[in-house]
Student: 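Take a look at the following structure, please.
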Amino acid sequence: MTESPASKPASNGEGCLHARNGLKPERNGFLKSLQQQSRHRDRDEEEVRPGMGRRRTAESCCCCGLKIQLVRLHAAPHHGDLYNRPFLESFEETPMLVAVLTYMGYGILTVFGYLRDFLRHWKIERCHIAREKEEQKDFVPLYQDFENFYTRNLYMRIRDNWNRPVCSVPGAKMDLVDRVSHDYNWTFEYTGRTVKAVINLGSYNYLGFAENTGRCADAAAEVSMAYGVGVASTRQEIGNLDIHEEMEDLLARFLGVESAMAFGMGFATNSMNIPALTGKGCLILSDELNHASLVLGARLSGSTIRVFKHNNMQSLEKLLREAIVHGQPRTHRPWKKILIMVEGIYSMEGSIVRLPEVIALKRRYRAYLYLDEAHSIGALGPRGRGVVDHFGLDPRDVDVMMGTFTKSFGAAGGYIAGKRELIDYLRCHSHSAVYATSMSPPVVEQIITSMKCIMGEDGTTIGSDRIRQLAENTCYFRRRLREMGFIIYGNDDSPVVPMMLYMPAKIGAFGREMLSRNIGVVVVGFPATPIIESRARFCISAAHSRELLDQALSAISEVGDLLQLKYSRHRIQPSGARPFDDGVYEDIDD
Amino acid sequence: MTVSKLLKIVSKCFFYIPLLIWVCFVVNKICQENIYIKMISFWLLHCLESRKDRLDFPRHSFSILAPAYHLILEGILILWIIRLLFSKTYKLHETYKLTEREKEDLIEEWQPDLLVPLISKDHPSLKYNIVSGPPSHKIIVNGKECINFASFNFLGLLDNERVKEKALMSLKKYGVGTCGPRGFYGTFDVHLELENRLAKFMKTEEAIIYSYGFATMASAIPAYSKRGDMIFVDEAACFSIQKGLQASRSFIKYFKHNDMEDLERLLKEQELEDQKNPRKARVTRKFIVVEGMYINTADICPLPELVKFTSNTFQVI
């Protein structure tokens, strides 16, 4: 059963942090039994603010992408013994004027897209698109014209912001290959020059292990001379080196579980192992914003998939209850097993999963939990052991812990960890162990060295220094951006910082302006995000020093003023010039 | 919808449509002629009149009223309606509401299966052979030195010194990992160089590389072939191709391993189908998937004969 909370109602001093719409922050994510106790208090406060509109849960969005949102979810005193630290997440609402302008922008682009397609069809304009071979002209076309409308007309205009080639180690600073396009991004030419010392805010380098000097690189070099570069066989056949076994033992100790198994590619870890765990007659409850690898794995497994709203524990509980009570659809037979799939940090939102509540739900309803810590392993937690460490929970509560080595360890590959029975089963039945080549030796050695460094077993304090540096950097960066007035999504502790851009033209403009100021950022648009919520995503690293961050922040502020990106209405220090001011929205009593 | 449900709906329609027709008929007649009012008034008048007109009544009444068949039909319909009004309705599916107590009980009773079934300790794949030392033509397995007939080291490049030197150089320049997907600063100049060289080597226009061999086929197939397309695959295709086919959700047809006549037969059948339904054929893409050298049966596909099929409006991968 769920824990009984120490219910001390939040004092009115925190009323300023509660948002309008009468929505109590504790309501979302709060388990049913715990809600009973806050209900009487909610009713009083609801009467205080009449006519504020329908209440919605914190992370719900309607189909057009507008989020009616709280400003801050402050959960510390009420949750009592579930959370040991404040859980602060915010997803600020899209300003109405900005949303309208964004739709107009996409509308104009669509009209122009149709015009250009028309011109291309009638050969008035030269056509650069990939065409079929002459002898295959009358075949059914490989791509329907309309499917690629977005790619041809919208993506092509700003294509130079992606796939930028790097020609040095992707550390805190990197060198980019200079490229120009003379035909509006259809083809690129390399001028032969490189852009030196670009500040890197885009690579997943949370603990700064992407380096070509130092202990990790030396160890990897030694091993590649000793073992060669490849293995050329699968794990079950002759590809299981002794360093693989060493790495897996170390990994199990690092995570605090019984045993672990590593695979060559993070994406493939999910898509090949979820089918081994569930099948027909099982139910998968996956979060709305799960990564494509989790979705693909769930689809390939053949189980029934039900989606719950992002990080919304009420939605999850409702689905769980319905599933157990009603059983399989139409036959009403009981489910064989129920698997809840969540991620540690969601990379597009920057939010952290509410792990204590998920574990409480899982225990109550006897479901299994699959935790994908691709971004959070190494990056969260006082000892760098991931989101389980961040909340101070027991790793034995999570049934399947999955993660990748690409992000914090500077290597490549993925792992699955858990109880001994689970890993033994996967050793025999996983598709990857039977059919896919095992990891190459220098990569394995990089993982071993970096993991020992983080754990402190190599005798230095580099690991814990870096973890602390990352936490400080994250806190500082987020605070400064919020002070400047940008809309930042996500949890205050996550090193992934999405900053909202909204308008399609600003996506391209932001990327290019930042590059001209020697800062490399990642901008994301549709289809990775909802259509009006395009964003720039910063990945903070322990390798960034305070000066580097200050430099980056001043450039971001400059570009933000130039492009009018400071949409937020909740600045900590309100400044004089606020764009899109009053008249359109209600005032907040902050 | 099942047949029984369909029958129920049809039978209800069968009862209600005549009712509708009757109502319309009646309303029509009342509007036009007020025949029932006439009939009732006629009867009433007749009761008040002398008895000598009574013999004339039946003929009058019958001539005012409709012909006999109409009366009989209406009589039957009235009887049907009375029956319908009094018959029990039956629901198509049961809706039941459980009480909270029952739901809690169900939740308490439900026991899931184990996450993974138990593996016996002496399962043959459980203990992997441990290789110590570099895998080349000689290999040390479980402490014993053996001749290596197990690795896919066809050209012997696993322990080539030049390869190792270059690997070391790139390690000193780039570090070990790329720290990002291709789209977000994970593309290095060496990736682009490799793709150019591969394209030149294979004499094609362009090439693309993946970091995991298994994933290459499993993602390339769904990228081209979507739901509703046709794929003809050799029976002995490897596991990675099978996963790609499963992910693409297209129609799969297997032909016997390396049997070109079987493939031709399938293609001809498909052509006949296309002629029957040309509109669908215009949007269905067709692919043939074969391997150069099959890992399951260790032989080579007959490529020259396969290429002949491309002239028959089929696309070959």
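Throughout, a chain's letter reflects where its sequence line sits, starting with A, and its residues are numbered from 1.
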Student: Side chain to side chain contact (heavy atoms under 4.5 Å, CB included) for Ser432(A) and Tyr212(B)? Distances and angles first, verdict last.
Tutor: CA-CA 11 Å; Ser432(A) 166; Tyr212(B) 205 49; 3.1 Å; yes

Student: Thr437(A) versus chain B, heavy atoms under 4.5 Å apart: side chain, backbone, both or neither?
Tutor: backbone

Student: Sort out for me which of Ala226(A), Gly239(A), Cys282(A) touches chain B most, counting heavy-atom pairs under 4.5 Å.
Tutor: Ala226(A)

Student: When you look at CD1 of Ile295(B), are more than 12 heavy atoms from neighbouring residues, nucleotides or ligands closer to it than 6.0 Å?
Tutor: no

Student: Name the member of Ser219(B), Gly177(B), Gly213(B) that forms the most heavy-atom pairs with chain A at distances under 4.5 Å.
Tutor: Gly177(B)

Student: Quick one: CZ on Arg427(A) to NE2 on His123(B), what's the gap to the nearest 0.5 Å?
Tutor: 13.5 Å

Student: Applying salt bridge (Lys or Arg N to Asp or Glu O under 4.0 Å), can you list everything that pairs with Glu211(A), at least two apart in sequence or on another chain?
Tutor: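 Applying salt bridge (Lys or Arg N to Asp or Glu O under 4.0 Å) to Glu211(A) gives Arg466(A).
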
Student: Which pair of heavy atoms, one from Tyr128(B) and one from Asn240(A), lies closest together, and at what distance?
Tutor: CB-ND2, 3.0 Å

Student: So for Ala217(A), is it side chain, backbone, both, or neither that comes closer than 4.5 Å to the heavy atoms of chain B?
Tutor: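 Only the backbone of Ala217(A) comes within 4.5 Å of chain B.
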
Student: What residues of residues 147-157 of chain B make heavy-atom contacts with chain A at a cutoff under 4.5 angstrom?
Tutor: Ala150(B), Ser151(B), Phe152(B)

Student: Decide yes or no for Pro170(A) and Tyr185(B): does some side-chain heavy atom of the first lie under 4.5 Å from some side-chain heavy atom of the second?
Tutor: no

Student: Select one option (side chain, backbone, both, neither) describing which atoms of His244(A) are under 4.5 Å from chain B's heavy atoms.
Tutor: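 Nothing of His244(A), per the 4.5 Å heavy-atom cut-off to chain B.
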
Student: Using a cut-off of under 4.5 Å for heavy-atom pairs, which of Glu237(A), Arg537(A), Glu245(A) has the most such pairs with chain B?
Tutor: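 It is Glu245(A).
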
Student: Side chain from CB out, backbone as N, CA, C, O: work out which of these in Gln446(A) comes under 4.5 Å of a heavy atom of chain B, or both, or neither.
Tutor: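 Interface part for Gln446(A): side chain.
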
Student: Mind listing the closest non-hydrogen atom pair of Lys173(B) and Cys167(A) along with its distance?
Tutor: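 Closest approach of Lys173(B) to Cys167(A): CE-O, 3.5 Å.
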
Student: Heavy atoms only: give me the nearest Ala221(A)-Lys172(B) pair and the separation to one decimal.
Tutor: CB-NZ, 4.1 Å

Student: Under 4.5 Å heavy-atom distance to chain A, tell me which part of Pro117(B) shows up: side chain, backbone, both or neither.
Tutor: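 For Pro117(B), backbone and side chain are both near chain A.
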
Student: Phe214(B) vs Tyr435(A) aromatic rings, parallel, tilted or perpendicular, using cut-offs 30° and 60°?
Tutor: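 Judged by the thresholds at 30° and 60°, the geometry between Phe214(B) and Tyr435(A) is tilted.
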
Student: Give a yes or no on whether Phe188(A) atom CZ has more than 12 heavy-atom contacts from other residues, nucleotides or ligands under 6.0 Å away.
Tutor: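 Counting neighbours around CZ of Phe188(A), more than 12 heavy atoms of other residues, nucleotides or ligands fall under 6.0 Å, so yes.
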
Student: For Ala247(B), is it the side chain, the backbone, both or neither that has a heavy atom under 4.5 Å from a heavy atom of chain A?
Tutor: both

Student: Check Leu300(A) against Gln246(B) and note the closest heavy-atom contact, atom names and distance.
Tutor: O-NE2, 3.2 Å

Student: Counting neighbours of CD on Gln275(B) that are heavy atoms of other residues, nucleotides or ligands and sit closer than 6.0 Å, is the number greater than 12?
Tutor: yes

Student: Let's test your reading of the structure: which of Ser225(B), Gly183(B), Ser132(B) forms the most heavy-atom pairs below 4.5 Å with chain A?
Tutor: Gly183(B)

Student: Side chain from CB out, backbone as N, CA, C, O: work out which of these in Ile139(B) comes under 4.5 Å of a heavy atom of chain A, or both, or neither.
Tutor: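 The answer is the side chain of Ile139(B).
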
Student: So what's closer than 4.5 Å to chain B heavy atoms on Ser203(A): side chain, backbone, both or neither?
Tutor: both

Student: Against chain A, label Leu126(B) side chain, backbone, both or neither, depending on which of its atoms sit under 4.5 Å from a heavy atom there.
Tutor: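 The answer is both parts of Leu126(B).
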
Student: First locate atom NE2 of His191(B), then atom CG of Asn163(A), and finally report the distance between them rounded to the nearest 0.5 Å.
Tutor: 11.5 Å

Student: Look at the side chain of Glu421(A) and the backbone N and O of Val116(B), then say whether any donor-acceptor pair between them is shorter than 3.5 Å.
Tutor: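 Absent.
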
Student: Just so I understand: if I count every heavy-atom pair under 4.5 Å between each of Val523(A), Val231(A), Leu426(A) and chain B, which residue has the most?
Tutor: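 Going by pairs under 4.5 Å, I would pick Val231(A).
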
Student: Would you name the heavy atoms of Gly133(B) and Leu241(A) that are closest together and state the gap between them?
Tutor: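 Smallest interatomic distance, heavy atoms only, reads O-CD2, 4.3 Å.
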
Student: Between Asn129(B) and Ile238(A), is there a donor-acceptor pair closer than 3.5 Å when you use the side chain of the first and the backbone of the second?
Tutor: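 Judged by distance alone, no pair lies under 3.5 Å.
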
Student: As an exercise: rank Ala218(B), Gly175(B), Ser136(B) by heavy-atom pairs under 4.5 Å with chain A and give me the winner.
Tutor: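 The candidate making the most pairs under 4.5 Å is Gly175(B).
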
Student: For Arg299(A), is it the side chain, the backbone, both or neither that has a heavy atom under 4.5 Å from a heavy atom of chain B?
Tutor: side chain

Student: Backbone N or O of Trp110(B) within a donor-acceptor pair of the Arg366(A) side chain at under 3.5 Å?
Tutor: yes

Student: Calculate, to the nearest 0.5 Å, the distance between atoms CG and OG1 belonging to Asn205(A) and Thr178(B) respectively.
Tutor: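 Asn205(A) atom CG to Thr178(B) atom OG1 measures 11.0 Å (nearest 0.5 Å).
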
Student: Can you tell which part of Leu176(A) gets under 4.5 Å to a heavy atom of chain B, answering side chain, backbone, both or neither?
Tutor: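 Just the side chain, heavy atoms under 4.5 Å.
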
Student: Name the option with the most non-hydrogen atom pairs under 4.5 Å to chain A; the candidates are Leu158(B), Leu106(B), Asp159(B).
Tutor: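 Of the candidates given, the most pairs with chain A belong to Leu158(B).
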
Student: Assess whether side chain to side chain contact (heavy atoms under 4.5 Å, CB included) is satisfied between Tyr210(B) and Met265(A), documenting all intermediate values.
Tutor: CA-CA 10 Å; Tyr210(B) 284 77; Met265(A) 180 171 157; 5.9 Å; no

Student: If you count heavy-atom pairs within less than 4.5 Å of chain A, which of Val176(B), Leu115(B), Asp113(B) leads?
Tutor: Leu115(B)

Student: Mind checking whether Phe209(A) and Cys179(B) have side chains closer than 4.5 Å, heavy atoms only?
Tutor: no

Student: Which bit of Ala412(A) comes within less than 4.5 Å of chain B, counting heavy atoms only: side chain, backbone, both or neither?
Tutor: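 It is neither, since no heavy atom gets under 4.5 Å.
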
Student: Examine whether an atom of Ile119(B) lies under 4.5 Å from a heavy atom of chain A, and if so say whether it belongs to the side chain, the backbone or both; otherwise answer neither.
Tutor: side chain

Student: Step through the shown structure and confirm whether more than 12 heavy atoms of other residues, nucleotides or ligands are within 6.0 Å of NZ on Lys226(B).
Tutor: yes

Student: Are any side-chain N or O atoms of Arg321(A) and backbone N or O atoms of Ile107(B), one a donor and one an acceptor, separated by less than 3.5 Å?
Tutor: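 No, the answer is negative, given that no donor and acceptor are paired below the 3.5 Å cut-off.
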
Student: Of the backbone (N, CA, C, O) and the side chain (C-beta and beyond), which part of Leu192(B) lies under 4.5 Å from a heavy atom of chain A, both, or neither?
Tutor: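 Only the side chain of Leu192(B) comes within 4.5 Å of chain A.
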
Student: Tell me, for Glu165(B) versus chain A, whether the close heavy atoms (under 4.5 Å) come from the side chain, the backbone, both or neither.
Tutor: side chain

Student: Heavy-atom count around Glu206(B) CD within 6.0 Å, excluding the residue itself: above 12?
Tutor: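 No, CD of Glu206(B) has 12 or fewer neighbouring heavy atoms, counting only those of other groups under 6.0 Å.
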
Student: With salt bridge (charged side-chain N to carboxylate O under 4.0 Å, His left out) as the criterion, how do Glu104(B) and Arg364(A) come out once you've worked through the C-alpha distance, each side chain's angles and the decisive distance to 0.1 Å?
Tutor: CA-CA 11 Å; Glu104(B) 292 293 325; Arg364(A) 162 93 175 90; 2.9 Å; yes

Student: So for Tyr190(A), is it side chain, backbone, both, or neither that comes closer than 4.5 Å to the heavy atoms of chain B?
Tutor: side chain

Student: Taking side chain as everything from C-beta outward and backbone as N, CA, C, O, which of these in Tyr425(A) sits under 4.5 Å from a heavy atom of chain B? Side chain, backbone, both or neither.
Tutor: both

Student: Does any backbone or side-chain atom of Val434(A) lie under 4.5 Å from a heavy atom of chain B? Answer side chain, backbone, both or neither.
Tutor: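 For Val434(A), no heavy atom lies under 4.5 Å from chain B.
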
